[in-house]
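In what follows, a single structure is set out as structure tokens and then discussed.
Read the numbers this way: they start at 1 and go in the same order the structure lists the ligands and their atoms. Both backbone and side-chain heavy atoms feed into the values below; hydrogens, waters and symmetry mates do not.
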Amino acid sequence: MKKIQSIRGMNDLLPGDSACWQYLESSIFKLLSQYGYREIRFPLLESTDLFKRTIGEVTDIVEKEMYSFDDRNGDSLSLRPEGTAGCVRACEEHGLIFNQVQRLWYQGPMFRHERPQKGRLRQFQQIGVEVFGLDGPDIDAELILMISQLWQILGLADSVTLQLNSLGTAQSRDAYREALVSYLEEKKDQLDEDSQRRLHTNPMRILDSKNPEIQLLLNKAPDLHDFLDDASLQHFEKLCLILDTLGVSYVINKRLVRGLDYYGKTVFEWVTSLLGSQGTICAGGRYDGLVEQLGGKSTPAIGLAMGVERLALLLDAAATLPDSIARQVDAYLIPVGDVGIKVLELGQMIRRSCPALRLQNHCGGGSLKNQMKKADKSGAIVALIVGEDEVAEGNLTVKFLREDRPQMSVSVDELIELLNIKIN
Ligand code: ATP
Ligand code: MG
């Protein structure tokens, strides 16, 4: 019988990779709570209209990437392609936005019908952050500073670059769009198919075309920043000044436009050169108009989202996953002879005294040689061997599996001291 396979672009997270994900998630959640962010959870399914109205009808996401279907009542629902829309919807619905400041985070799967490749999936995991009620630029800077700190914590500071831009207000974008379209109209025959299609639907997206010929063509195009309104320019200059003062490095990329319609003023992306064309690790920006667009009172807002799959790939490419996370367990406890029950008890005692220790009891018998092989395969840094002699003497034998060091015979107290030093 033909086996049923997973859906293309929807991966399983296997035990060999889950420790890396847990490490990423726990590092990020801890950092977020240090900055006063709180978690919000909202459904994976929302009404299709929510995404059409927020992300924009002529964006790639809404035009061709959403998983939409009619449910049994005939209502059009969509699996969420991103988190901001649902987050704003939930906060508005529960009165969390009006006259308040909120610093929130969420995590979970997002769904986009894209062409699956490394770092680009149809179900992927995002961790996102949204701030409501602050018009910046201090909060813009704080958000960027927080994520910069994350790269340091993860050992990725040298692997990522921050790109920064301002998109101004909707009015300044309209004026720029007109200028850009009339410039590109004259060069229409030099545009590729994608850009020709976008010329009248979403011309600003042409700015971040990956086609080098288009990029060349854009060198003489009107400059977005010449069209920015004063308030947006001042906001952007202030943000740059804060980042300069704090020593956060960035590159201004005037062609950074982002693929969702709701952004204005500050936008940013952290990119890496280590993951090919899936180089954007974390991206976001300001969306001051969105709350009002969804029927709320005009509220400044800024947010970002990072892709966990890409982060995991980057940790791998940069080889910065700590050894302690990569190994399955720290210690492997081996009973020799008729000491099984004693060893179970001993394992319990050690775990109580070393709460951070990951200790695996060998179960299922076998020769010492075989058990040592399993200990080695587990990634443990020490094997703890307990035989009848050891039980009688109240001690155990420690074999060091990852360092060139003679084995030791130690009491349980000495072992606990040793293990606490080894894993902390
Ligand atoms: P890209 O330009 O790579 O398509 P995007 O601009 O569409 O990214 P956003 O919508 O801003 O991405 O989502 C934020 C982050 O989520 C991205 O920076 C990326 O890390 C991750 N992400 C987006 N789409 C996917 C996907 N299909 N598979 C895996 N990760 C994704
Ligand atoms: Mg995309």
- Relative to atom 27 (N) of ligand 1, which among Met306, Glu114, Lys118, Arg310 owns the nearest non-hydrogen atom? Glu114
- Message: If the cut-off is 4.0 Å to any non-hydrogen atom of Cys282, which atoms of ligand 1 fall inside it?
- Response: 18 (O)
- Task: Indicate yes or no: does an N/O atom of Gly307 lie under 3.5 Å from an N/O atom of ligand 1?
- Result: yes
- What class does the angle between the rings of Trp270 and Trp151 fall in, given that below 30° is parallel, 30 to 60° is tilted and above 60° is perpendicular? perpendicular
- Closest approach of any protein heavy atom to atom 4 (O) of ligand 1, naming residue and atom: Arg120 NH1, 2.8 Å
- Quick one: look up the protein heavy atom nearest atom 28 (N) of ligand 1 and list residue, atom name and how far away it is. Leu121 N, 2.9 Å
- Query: Counting each atom of ligand 1 from 1 as listed, which ones have a heavy atom of Ala305 under 4.0 Å away?
  - Reply: 14 (C), 15 (C)
- May I ask whether Glu82 places a heavy atom under 4.0 Å from ligand 1? no
- Note on the structure: Quick note on ligand 1: atoms under 4.0 Å from a heavy atom of Ile281 include exactly 18 (O), 20 (O)
- Note on the structure: If you scan protein heavy atoms around atom 11 (O) of ligand 1, the nearest is Arg258 NH2, 2.5 Å
- Exam field: side chain Ser6 to backbone Asn11, donor-acceptor pair closer than 3.5 Å: no
- Query: Side chains of Arg358 and Gln328: is there a donor and an acceptor less than 3.5 Å apart?
  - Reply: no
- Query: Counting distance only, does the side-chain N/O of Gln196 pair as donor-acceptor with the main-chain N or O of Lys188 below 3.5 Å?
  - Reply: yes
- Nearest-neighbour protein heavy atom for atom 18 (O) of ligand 1, which is reported as residue plus atom name and distance: Thr280 O, 3.2 Å
- Query: Going by heavy atoms in the side chains, are Ile40 and Cys87 under 4.5 Å from each other?
  - Reply: yes
- Task: Check whether any N or O atom of Ser277, backbone or side chain, sits under 3.5 Å from an N or O atom of ligand 1, and answer yes or no.
- Result: no
- Message: Counting non-hydrogen protein atoms only, what is the nearest one to atom 23 (C) of ligand 1? Give residue, atom name and distance.
- Response: Phe124 CE1, 3.6 Å
- Report the nearest protein non-hydrogen atom to atom 5 (P) of ligand 1: residue, atom name, distance rounded to 0.1 Å. Arg112 NH1, 4.0 Å
- Query: Would you say Ile61 and ligand 1 have an N/O pair spaced under 3.5 Å apart?
  - Reply: no
- Task: Check whether the side chains of Asp244 and Tyr250 place a donor and an acceptor atom closer than 3.5 Å, and report yes or no.
- Result: yes
- Message: Could you identify the single nearest non-hydrogen protein atom to atom 16 (O) of ligand 1 and state the distance to 0.1 Å?
- Response: Gln126 NE2, 3.0 Å
- Task: Would you sort out whether Ile144 and Ser148 count as a side chain to side chain contact (heavy atoms under 4.5 Å, CB included), showing the intermediate values?
- Result: CA-CA 6 Å; Ile144 289 173; Ser148 304; 4.2 Å; yes
- Are side-chain N/O atoms of Ser172 and Asp229 paired as donor and acceptor at under 3.5 Å? yes
- Message: Do Gln293 and Thr54 pair up side chain to side chain, a donor and an acceptor below 3.5 Å, judged on atom types alone?
- Response: no
- Is it the case that Tyr332 and Gln371 place a side-chain donor and acceptor less than 3.5 Å from each other? no
- Query: Are any of the heavy atoms in Arg122 under 4.0 Å away from ligand 1?
  - Reply: no
- Taking only heavy atoms of Ala283, which atoms of ligand 1 are found under 4.0 Å from at least one of them? 11 (O)
- Query: Would you call Ser68 and Phe51 a side-chain contact if the rule is heavy atoms closer than 4.5 Å?
  - Reply: no
